[in-house]
2 protein chains.
Amino acid sequence: MQINSHPGELTMINIISQPRIRNDTMDTLSSRIQNGDVPAVCRSCEARHGGVCSALTPAQLVELSKHSSRRTIDAGTEFIGQGESISSYSNILKGVVKLSKVMADGRQQIVGLQFAPDFMGRPFLGESRMAAEAAIDTEICVFPRRAIERLIAETPGLEHLLHSQALKELDEARDWMLTLGRKTAQEKVASFLALIASHSDPEAEEKSMFELPLSRADIADFLGLTIETVSRQMTKLRKEGIIQIENNRHVTVPDLGRLVAAAGND
Amino acid sequence: MQINSHPGELTMINIISQPRIRNDTMDTLSSRIQNGDVPAVCRSCEARHGGVCSALTPAQLVELSKHSSRRTIDAGTEFIGQGESISSYSNILKGVVKLSKVMADGRQQIVGLQFAPDFMGRPFLGESRMAAEAAIDTEICVFPRRAIERLIAETPGLEHLLHSQALKELDEARDWMLTLGRKTAQEKVASFLALIASHSDPEAEEKSMFELPLSRADIADFLGLTIETVSRQMTKLRKEGIIQIENNRHVTVPDLGRLVAAAGND
DNA sequence: GATGCGAATTGATCTGCATCAAGGTTGCGG
DNA sequence: CCGCAACCTTGATGCAGATCAATTCGCATC
């Protein structure tokens, strides 16, 4: 296990003494929650609105926050191993996590990308069927397995929320199966870029600019290709004017429509 | 829509008058349910034990059975189209259903296989993101969308059951992503055979015999290959002694261990 | 700016699977 | 028993993407 905990940010208790950040906006968004009762740590937390915590009452938040802790995970560090037993769940607060499977001989496939404020963990199963690794610097809020499972049992809304997320991930996985099984290399790369664009800039209609959260090697593992093929297809898309590449990681898409067409989704 | 309804078997009401089948075994298995209160149609139904209905009380079963109907679907007929709006859910009672996605130019990928007593349908979403087609002759029990959603809201155990199935399907989809993205043609075919073997004969340790529920074309669409490649790899596996092929559809696996090794799962 | 190193690109060649093209098998209706 | 059609197998050839092999780029450190 290679979790990096920054001093003064590891536990909830330490964070409580920090100044609240962006509190005004949060209050606006969460008119239905009584902020006075919500733990201070949670008040500035994104996950309280989109993540698991949005299904909890203030009293439950208080209880859960006693057992949870924030962690910062550096890019490239694996924090759950394939086949490892699971003793905790977590919420992604910031960053991107890749879920991957490895074969005995080392062949690897990324089977999912998770963004904030996704919930991570496989409920009702003792061990992880894949590895989780931070693709870029990432912050998560970790809950002990026991606490979450108790909350699920007593809060139907929470199970509904996790069920919805599982269905969303299932839809994504099946979309990706079509990409892996039937698309050409160019379509695969375009599909990946379209996926990232839609996540980093959900309401963009035409133009989009973003930082790729994955290296070429990661992209290859996500698309079932090699690094070289990914690179060639990126240059091909660039020469066709569908994308512009600044710093290897920074991509501009002048016309999302053309990108989506190149991805084979017409 | 091409649903084939056999006269006398279409509605619950007609079935009520039929003799009960395998009633003794059923009673043994379901000691916790008062059979006297359970609708007669449901008493001989497999899905009452493994499927959605196992989470319902006898009173709920009675209510649901009033709105549900049995249907027989011939092999090869599509009964839900991609992008079609969903007005019902169903339980598979018998048979195999393939879920597939098609691209605009006709390329197709099977993204899931469902066996009895799986639940079919995408809760909380108005339209289907893929097509459903019977791979072999199949029987389903159809419930109106409204009825199921009402039951979910009032029965936490039902949502838990559907959540568990969604997680199971997600695990399967991700396993298949590894197969599609990183395995060779031979490993793909071996993986498919191993999958079918495990479904048709779950507790077999060494030897297994089964009927393939899919044609070569379907297998190709499931594996992201062509018919020809599937056929070649089947003969290759046969010549290597890993499988025996009787009638194109009937396969014998003398040593499951060797098959699993050929599938790349060591 | 020079140095060094991992990451990315680019080029040459190879190969696994697709594609194209015949046959062979099975089963059904006349 | 024959002929047709759907399905499967087998063979010959082509090509997309893998593999092998240099560069080149980006960026941090001195």
Side-chain angles (χ1 to χ4, degrees), chain A residues 74-77 98 103 105-109 135-137 179-193 211-240 243-251 262 264, chain B residues 74-77 98 103 105-109 135-137 179-193 211-240 243-251 262 264:
Chain A
D74 288 342
T77 88
K98 40 187 236 231
M103 292 175 63
D105 60 7
R107 279 175 286 175
Q108 192 170 8
Q109 175 68 46
I136 53 177
D137 291 353
T179 300
L180 288 173
R182 290 300 186 199
K183 289 191 183 174
T184 64
Q186 168 145 9
E187 288 169 331
K188 284 180 176 183
V189 172
S191 298
F192 169 74
L193 294 172
E211 292 288 315
L212 291 177
L214 267 54
S215 67
R216 298 291 187 268
D218 286 339
I219 298 172
D221 279 344
F222 193 36
L223 297 172
L225 297 171
T226 58
I227 298 180
E228 294 94 326
T229 301
V230 171
S231 177
R232 280 186 244 274
Q233 299 304 329
M234 294 276 287
T235 28
K236 192 143 168 271
L237 288 170
R238 178 169 54 71
K239 286 181 178 163
E240 290 170 359
I243 59 172
Q244 290 149 239
I245 302 174
E246 272 95 62
N247 288 342
N248 279 348
R249 290 280 184 140
H250 192 92
V251 174
Chain B
D74 287 344
T77 88
K98 38 186 237 232
M103 292 175 62
D105 60 7
R107 280 175 286 175
Q108 193 171 9
Q109 175 68 47
I136 54 177
D137 292 353
T179 300
L180 288 173
R182 290 300 186 198
K183 290 191 184 175
T184 65
Q186 167 145 11
E187 288 169 331
K188 284 180 176 183
V189 172
S191 298
F192 169 73
L193 294 172
E211 292 288 314
L212 292 177
L214 267 56
S215 67
R216 298 292 187 269
D218 286 339
I219 298 172
D221 280 343
F222 193 36
L223 297 172
L225 297 172
T226 58
I227 299 181
E228 294 93 325
T229 301
V230 171
S231 178
R232 278 185 245 274
Q233 298 304 329
M234 294 275 287
T235 30
K236 192 142 168 273
L237 288 170
R238 178 169 55 72
K239 285 181 179 164
E240 289 170 0
I243 60 171
Q244 289 149 238
I245 303 175
E246 271 95 64
N247 287 342
N248 281 348
R249 290 281 185 141
H250 191 94
V251 174

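A note on names: the letters A, B, ... follow the listed sequences, proteins ahead of strands, and every chain is numbered from 1.
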Between atom [atom1] in [X] and atom [atom2] in [N], what is the gap in whole Å?
X	N	atom1	atom2	value
A/Gln186	D/dA16	CD	P	12 Å
A/Leu212	D/dG26	CG	C1'	15 Å
A/Gln233	D/dG17	CD	C1'	9 Å
A/Leu223	D/dA16	CG	P	18 Å
B/Arg249	D/dC7	CZ	P	9 Å
A/Leu225	D/dG17	CG	P	8 Å
A/Ile245	D/dC25	CD1	C1'	13 Å
A/Asn248	D/dT24	CG	C1'	11 Å

Subject >> Five-pair end axes of the helix from C/dG1-D/dC30 to C/dG30-D/dC1 and the angle they enclose, rounded to 10° >> reply: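 Roughly 40° between the end axes, to the nearest 10°.
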Could you pull out the closest heavy-atom pair between [X] and [Y], with the gap in Å?
X	Y	value
A/Pro213	A/Ala135	O-CB, 3.5 Å
B/Glu187	B/Ala262	CG-O, 3.3 Å
B/Leu223	B/Lys188	O-NZ, 3.1 Å
B/Leu225	A/Arg182	O-NH2, 3.0 Å

Original post:
Side-chain N or O of A/Thr226 less than 4.0 angstrom from OP1 or OP2 on D/dG17?
Top reply: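 No, because none of the side-chain N or O atoms of A/Thr226 sits under 4.0 Å from OP1 or OP2 of D/dG17.
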Subject >> Phosphate OP1/OP2 of D/dG17: any A/Arg232 side-chain N/O under 4.0 Å >> reply: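 No, no such contact exists.
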**OP:** Mark yes or no for whether B/Asp137, through its side chain, and B/Ala75, through its backbone, hold a donor-acceptor pair below 3.5 Å.
**Re:**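 Yes.
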Original post:
Is B/Arg238 reaching over with its side chain to a backbone N or O of B/Gln233, donor-acceptor style, under 3.5 angstrom?
Top reply: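 No, B/Arg238 side chain to B/Gln233 backbone: no donor-acceptor pair under 3.5 Å.
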Subject >> Heavy-atom check, side chain of A/Leu180 versus side chain of B/Gln109, under 4.5 Å >> reply: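 The answer is no; the side chains never approach within 4.5 Å.
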Subject >> Position toward the 5' end of DNA chain C (nearest nucleotide), B/Val230 or A/Arg216 >> reply: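 Of the two residues, A/Arg216 wins.
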**OP:** Return the 5'-most residue of the pair B/Ile227, A/Glu228 with respect to DNA chain D, ranking by each residue's nearest nucleotide.
**Re:**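 Looking at the nearest nucleotide for each, B/Ile227 comes out on the 5' side.
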Original post:
Has the side chain of B/Arg238 got a donor or acceptor atom sitting under 3.5 Å from an opposite partner on the base of D/dT10?
Top reply: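 Donor-acceptor pair under 3.5 Å: no.
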Original post:
What is the distance from atom OG1 of B/Thr229 to atom NZ of B/Lys236, rounded to the nearest 0.5 Å?
Top reply: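 With rounding to 0.5 Å, OG1 (B/Thr229) is 11.5 Å from NZ (B/Lys236).
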**OP:** Mind checking the CD1-CG spacing from A/Ile136 to A/Asp74? Nearest 0.5 Å is all I need.
**Re:**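 Rounded to the nearest 0.5 Å, the CD1-CG separation comes out at 12.0 Å.
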**OP:** Name the closest nucleotide to the B/Thr235 side chain, picking from D/dT9, D/dG11, D/dC8.
**Re:**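 The answer is D/dT9.
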**OP:** Using the heavy-atom set of chain B and a strict 4.0 Å cut-off, write down the first and last nucleotide of DNA chain C that makes it in, 5' to 3'.
**Re:**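 Extent of the interface on DNA chain C: C/dC17 to C/dC20.
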